[in-house]
Amino acid sequence: MSRSIVSWLAVAVSVATAAAAVADPGCQTAAPQQHTINVHATQMNMTDPPFGIVYAREDIAFVGAGLKVDMINTANFRPALAREIALPESLTGPAGSGTDGAASGLALSHDKRYVYASIGPGAAIIDVEKAIAGDAKPVVGSLIGTTGVSAIQVTISPDDDYVFVTQEYGTNATRNRGTIEVFQVHRSFNGSVYGTNKGYATLGYAVVGTGLSRDGSMMYATSEVTAQSTSPNETQGTLSVLDVATLKTNPAQALLRSVDAGCSPVRLTLSPDGKHVWVTARLSNKLLAFSTAKLDSDHPNDALEASVQVGTSPVGVAIANNGRHIITADSDRFDYANATTGLTVVDTEAALRGAQGFPQIPTGLFPREFAVSPDGKTLLVSQYQSRAIQAVNLTELS
Ligand SMILES: *[C@@H]1O[C@H](CO)[C@@H](O)[C@H](O)[C@H]1NC(C)=O
Ligand SMILES: *[C@@H]1O[C@H](CO)[C@@H](O)[C@H](O)[C@H]1NC(C)=O
Ligand SMILES: *[C@@H]1O[C@H](CO)[C@@H](O)[C@H](O)[C@H]1NC(C)=O
Ligand SMILES: *[C@@H]1O[C@H](CO)[C@@H](O)[C@H](O)[C@H]1NC(C)=O
Ligand SMILES: *[C@@H]1O[C@H](CO)[C@@H](O)[C@H](O)[C@H]1NC(C)=O
Ligand SMILES: *[C@@H]1O[C@H](CO)[C@@H](O)[C@H](O)[C@H]1NC(C)=O
């Protein structure tokens with residue numbers, strides 16, 4: 001072996017060691033103060049607290065809002081309510097029953113025909129064209145699972161044939177560990193859509209965020225607290241990797257591995273190039289970047305490649321400007337002393353080089369989830385506690 005190759009190897013090893021040396025983020029209550037940046041923003045007030053939000057097309061978005069989904073017109077920068085879509089009692093629980101099911105995470109099918117809204121025991125399926133046409137019955141199906149009434153996020157397979165719903169708290173049968181329930185969906189000639197429940201995978205406590213690898217073969221999921229904890233009040237959370245082919249046929253066997261992911265990790269998103277899973281660790285006030293290649297290797301515990309200080313209690317996470325920026329919804333949902341809410345704008349390349357000190361865009365109370373418009377120019381923010389949808393001009397950041 002020539003000397004130059006040896007020295008090149010030595011460099012490669014030190015780079016690999018450096019990459020693996022991102023410190024465990026630990027826990028943190030209020031985040032340090034950040035610089036504020038102002039971009040043009042506006043907002044629409046709502047009657048119910050908005051949760052998940054998704055664009056169906058440039059001029060139409062859907063928002064989970066209590067026991068219904070609101071359709072909003074986004075043709076103008078300031079969004080406007082277009083119609084309210086009531087969800088069936090099979091999902092909301094009978095009126096007055098006290099079921100705390102509310103529409104939470106939303107997702108659009110890849111063919112853009114259906115919006116899935118997670119709620120209570122599963123998810124409602126809304127036919128986008130029927131909703132826009134004013135059809136009296138735009139809800140064309142319901143997915144009803146077996147592991148609880150705390151559905152929180154929904155992820156759809158690239159071929160739109162499978163739908164994965166996280167049940168945050170599980171049931172006694174799962175010893176209160178959260179699950180991912182799997183449904184195979186079928187479209188009927190009469191326009192209805194129904195799902196066959198294929199079972200579930202059990203993860204840690206408080207299972208929330210899910211996302212698929214670029215090729216759809218792996219699913220990533222957060223648990224706020226590890227499955228091995230003795231109480232749901234512990235703080236060490238995990239990022240799990242599941243094999244999607246197994247998830248479709250035998251979900252209970254689909255979990256491949258889990259790695260530490262800071263304190264109370266909640267949402268995640270994949271980078272456009274598929275190389276990183278970005279996770280909000282809510283009780284660390286960090287945005288964490290995990291290498292998908294390393295997560296899928298024999299050294300998953302080396303996968304943490306960046307730990308970025310953001311604002312207090314980050315929840316939602318969005319990719320903006322084609323991956324140049326990542327934005328977190330710093331919710332301050334636990335009202336810590338000396339904490340503010342905001343939207344931290346992280347420069348992706350700088351963050352992967354270890355940079356810190358990113359600025360915040362001001363927002364309302366408890367910013368929770370995001371949607372980026374199909375043209376990439378507008379970010380919608382659900383402000384859960386302010387009961388408003390904020391629109392932010394992303395073009396000013398690029
Ligand atoms: C929206 O709500 C905020 C705070 O409650 C209020 O100040 C504002 O005037 C409202 N805007 C509209 C257009 O109703
Ligand atoms: C779940 O377990 C708790 C505590 O053991 C018990 O009180 C409750 O009745 C159980 N619920 C169901 C639905 O079995
Ligand atoms: C639509 O077809 C499915 C079976 O494919 C059936 O179960 C359902 O009742 C039908 N719905 C209506 C409204 O006819
Ligand atoms: C977890 O925390 C809650 C709220 O502080 C408390 O009521 C509960 O007893 C705790 N549970 C355990 C198992 O420690
Ligand atoms: C809040 O900030 C003030 C001023 O910096 C400081 O004196 C106080 O100790 C802080 N409170 C907490 C709970 O950190
Ligand atoms: C958004 O920002 C761009 C670039 O500064 C500007 O051209 C555009 O008018 C802005 N749009 C709104 C609605 O503020």
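Both counts, for ligands and for their atoms, begin at 1 and track the order of listing.
- By the 3.5 Å distance cut-off applied to N or O atoms, Q43 is not counted among the residues near ligand 1.
- Considering backbone and side-chain N/O atoms, H40 comes within less than 3.5 Å of an N/O atom of ligand 6.
- Looking only at atom types and distance, the side chain of Q383 has a donor-acceptor partner in the side chain of T363 under 3.5 Å away.
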Between side-chain atoms of residues 37-46 and protein atoms elsewhere (two or more places apart, or another chain), which donor-acceptor pairs fall under 3.5 Å?
residue: Q43; atom: NE2; partner: N45; partner atom: OD1; Å: 3.1

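- Screening residues 187-218 for ring pair (Phe, Tyr, Trp, His ring centres under 6.0 Å) gives H186-Y194 as the qualifying pairs, with residues at least two apart or on separate chains.
- With respect to the salt-bridge test (charged N to carboxylate O, under 4.0 angstrom), the residues K294 and D296 do not qualify.
- For ligand 3, the protein residues placed under 4.0 Å by at least one non-hydrogen atom are S188, N190, S192, Y194.
- Atoms CD1 and CZ, from I156 and F164 in turn, are 10.0 Å apart once rounded to the nearest 0.5 Å.
- Screening residues 204-264 for disulfide (SG to SG under 2.5 Å), with sequence neighbours left out, gives C27-C263.
- When only modelled atom types and interatomic distance are considered, S150 and E168 share no side-chain donor-acceptor pair under 3.5 Å.
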